[in-house]
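Since we're looking at a predicted model, the values are computed, not measured. Hydrogens, waters and symmetry mates are skipped; everything else that's a heavy atom, side chains included, is used.
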Amino acid sequence: MPSFGQYVARVFHHQTVTNKEIEREISEMCTVTPHDVKAVLSALSAALKQHLQDGDIVKLADVGTLKLEIEGSPAPTPLDFDAHRHIRGVRLHFLPESENKRRKLYQGIRYEQWKG
């Protein structure tokens with residue numbers, strides 16, 4: 001292995017944030033209650049799921065673009081194609097919003113050396 005014994009950057013996830021925490025944070029940023037935020041997040045979730053399953057690309061302003069992509073292997077001809085055999089899975093592809101080819105999501109990320 002060319003990288004054996006060398007060091008590589010990894011993401012350290014500090015915590016898992018739940019809907020309840022997001023609802024509370026959003027309600028503190030504006031004039032809606034946590035229950036209102038919960039209702040909107042629930043409706044957003046249902047709308048995203050439906051559009052993605054319909055094959056739509058979903059572009060959320062200030063967030064990014066989401067779409068489903070299929071991972072699979074080719075078939076020699078259209079008649080030979082079998083979904084169960086040639087499709088390995090479906091993945092959600094997320095492309096963060098960008099401005100002048102710079103991803104807003106990545107701006108402000110801190111890089112630190114782990115002191116474990």
* Under the ring pair (Phe, Tyr, Trp, His ring centres under 6.0 Å) test, which residues partner His14, sequence neighbours left out? -> Phe12
Going by atom type alone, with no hydrogens or angles, which donor-acceptor pairs under 3.5 Å involve a side-chain atom of residues 28-36 and a protein atom two or more places apart or on another chain?
unit_1 : atom_1 : unit_2 : atom_2 : d
Glu28  : OE1    : Arg24  : NH1    : 3.0
Glu28  : OE2    : Arg24  : NH1    : 2.7
Thr33  : OG1    : His35  : N      : 3.4
Thr33  : OG1    : Asp36  : N      : 3.0
Thr33  : OG1    : Asp36  : OD2    : 3.2
Asp36  : OD2    : Thr33  : N      : 3.4

What residues, two or more places apart in sequence or in another chain, satisfy side-chain hydrogen bond (donor to acceptor under 3.5 Å, both in side chains) together with [X]?
{"X": "Lys59", "result": "none"}
{"X": "Asp56", "result": "His51"}
{"X": "Glu99", "result": "none"}
{"X": "Glu69", "result": "Lys67"}

Applying side chain to side chain contact (heavy atoms under 4.5 Å, CB included), can you list everything that pairs with [X], at least two apart in sequence or on another chain?
{"X": "Leu79", "result": "Thr77"}
{"X": "Val17", "result": "Gln15, Glu21, Ile22"}
{"X": "Leu52", "result": "Val58, Leu66, Leu68, Leu92"}

* Take atom CD in Gln113; do more than 12 heavy atoms of anything else shown fall under 6.0 Å from it? -> no
Return a table of donor-acceptor pairs under 3.5 angstrom between the side chains of residues 81-89 and protein atoms on other chains or two or more places apart.
unit_1 : atom_1 : unit_2 : atom_2 : d
Asp82  : OD2    : Arg85  : N      : 3.3
Arg85  : NH2    : Asp80  : O      : 3.0
His86  : ND1    : Asp82  : N      : 3.0
His86  : ND1    : Asp82  : O      : 3.1
Arg88  : NH1    : Gly72  : O      : 3.3

* Nearest atoms (heavy-atom pairs only) where Ser98 meets Arg103 -> CB-NH1, 3.1 Å
* Structure fact -> d(Thr18 OG1, Glu23 CD) to nearest 0.5 Å is 7.5 Å
Quick one: side chains of residues 37-50, donor-acceptor pairs under 3.5 Å with protein atoms, not counting sequence neighbours, listed by atom name and distance.
unit_1 : atom_1 : unit_2 : atom_2 : d
Gln50  : NE2    : Asp54  : OD1    : 3.0
Gln50  : NE2    : Asp54  : OD2    : 3.4

* Would Tyr111 end up clustered with Leu105 when hydrophobic side chains under 4.5 Å apart are linked, directly or stepwise? -> yes
